[in-house]
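Since the model is a prediction, treat every value here as computed from it, not as a measurement. Numbering starts at 1 and runs along the sequence shown.
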Amino acid sequence: MSNGKITPQSILHFNKHQKENENATDFEITLDNIVDNVSSDNVSDALKNLYSSYGLLKDVKPLNSKHKIAGFVRTAETGSNDWGTGIKGIYKCKENEILLIKCSDNDYAIWGGIASCAAKEYGLQATVIVGSSRDTEDILELDYPVFSQKIQSRAGLPLNNGTLEGTLLVGDLVIKNGDFIVGDVDGVVVIPQDKLDEVLIELNRLKKFETSVLEKLLDDNQRMDEIIGF
């Protein structure tokens with residue numbers, strides 16, 4: 001799996017790897033291979049080009065910078081002092097889905113080590129928290145992908161008084177149950193489910209453009225300002 005970094009070598013290797021298996025023009029980025037072939041940066045660029053929206057969940061980053069995720073989300077929303085709703089959310093998810101929890105604030109940790117163990121055992125791919133997490137050492141040892149805005153020790157109570165599978169408003173983003181997200185070391189980006197096909201087409205176009213630019217830089221020794229045209 002890719003580590004989420006896009007470098008000249010990784011992009012050229014991406015192109016070379018596909019040529020070894022099939023014609024480069026025949027290769028297509030799809031939902032089945034997206035996690036290995038694009039970054040959150042690529043997805044944000046595609047959304048910007050198509051809709052003038054970046055799709056970014058602000059300040060949400062992985063506890064383990066090596067973790068990279070891509071999948072459909074199951075949503076939850078509650079106050080930061082209620083970690084019970086997140087636990088109930090685990091069991092609303094289907095296998096390999098991502099639990100996305102929006103908290104009222106970052107004042108309390110909504111997620112920790114035991115919750116991560118339960119989620120991993122139940123078959124979730126990851127948990128993404130617009131809020132705070134804790135038990136970082138335990139989560140890293142478990143090797144379960146958790147993304148959050150902040151880390152802190154104190155937690156609330158198992159109140160279970162939030163909502164599950166509803167529509168979330170995070171900044172200017174409207175996130176619906178079943179939307180698709182890509183997350184890595186640079187951040188987490190949300191793709192609306194009804195825009196997936198258009199975004200995949202744009203991602204394929206962007207990848208071809210990046211590969212072309214890097215070949216000109218590295219193989220043809222051209223200057224970047226000349227390649228871009230300014």
Side-chain angles (χ1 to χ4, degrees), residues 31 34-35 38 40 42-62 68-111 115-116 118-119 122-133 145-150 155-184 186-203:
L31 293 185
I34 192 172
V35 72
V38 306
S40 64
N42 300 140
V43 177
S44 184
D45 286 347
L47 290 167
K48 175 186 65 176
N49 291 348
L50 291 170
Y51 314 112
S52 300
S53 172
Y54 295 88
L56 181 68
L57 288 176
K58 188 176 180 181
D59 298 327
V60 178
K61 297 292 179 66
K68 185 175 181 182
I69 60 173
F72 293 99
V73 302
R74 192 70 54 170
T75 60
E77 182 172 10
T78 193
S80 69
N81 65 334
D82 167 29
W83 53 263
T85 296
I87 302 304
K88 292 296 290 186
I90 293 171
Y91 303 103
K92 287 289 186 179
C93 292
K94 298 178 182 178
E95 185 175 3
N96 209 42
E97 285 188 332
I98 297 167
L99 178 60
L100 173 58
I101 308 172
K102 180 199 172 184
C103 303
S104 57
D105 50 58
N106 296 323
D107 291 347
Y108 296 83
I110 195 87
W111 190 268
S116 296
Y122 198 66
L124 276 66
Q125 180 184 161
T127 301
V128 174
I129 306 157
V130 184
S132 298
S133 64
V146 173
F147 291 63
S148 66
Q149 288 179 322
K150 289 188 177 182
L157 299 167
L159 302 176
N160 187 30
N161 58 11
T163 59
L164 299 174
E165 301 183 293
T167 298
L168 309 179
L169 180 62
V170 182
D172 61 353
L173 291 180
V174 177
I175 306 168
K176 296 181 180 180
N177 205 54
D179 284 348
F180 195 89
I181 65 175
V182 174
D184 55 29
D186 285 348
V188 177
V189 178
V190 181
I191 308 172
Q193 188 174 21
D194 61 356
K195 292 180 169 56
L196 269 172
D197 290 342
E198 293 175 339
V199 172
L200 285 170
I201 291 170
E202 181 65 11
L203 283 170

Quick check against the 3.5 Å criterion: does [X] have a side-chain atom that pairs as donor or acceptor with the backbone of [Y]?
X	Y	answer
Trp111	Ser133	no
Ser148	Ile129	no
Ser40	Val182	no
Glu202	Leu47	no

Only counting residues at least two apart or in another chain, list the ones meeting side chain to side chain donor-acceptor pair (under 3.5 Å) with Ser44.
none

Distance check, rounded to the nearest 0.5 Å: Asp82 atom CG versus Ile110 atom CD1?
5.5 Å

Just how far is it from atom CG of Leu99 to atom OH of Tyr122, taken to the nearest 0.5 Å?
12.0 Å

For Asn160, side chain to side chain contact (heavy atoms under 4.5 Å, CB included) partners two or more places apart:
Thr85, Lys88

Sequence-distant partners of Gln149, side chain to side chain contact (heavy atoms under 4.5 Å, CB included), two or more places apart
Asp59, Val60, Asn106, Val130

Test side chain to side chain contact (heavy atoms under 4.5 Å, CB included) on Val35 and Lys68; report intermediate values, then the result.
CA-CA 7 Å; Val35 72; Lys68 185 175 181 182; 4.1 Å; yes

Any chance you could lay out the side chain to side chain contact (heavy atoms under 4.5 Å, CB included) test for Asn161 and Thr78, step after step, and finish with the verdict?
CA-CA 7 Å; Asn161 58 11; Thr78 193; 3.6 Å; yes

Restricting to pairs with a member in residues 156-175, which pass ring-ring contact (aromatic ring centres under 6.0 Å, His included), not counting sequence neighbours?
none

Here the salt bridge (charged side-chain N to carboxylate O under 4.0 Å, His left out) pairs for residues 157-179, sequence neighbours left out, are Arg74-Glu165

Pairs of donor and acceptor atoms involving the side chains of residues 190-200, under 3.5 Å and at least two apart or interchain, shall be tabulated with distances.
from   : atom 1 : to    : atom 2 : distance (Å)
Glu198 : OE1    : Tyr51 : OH     : 2.3

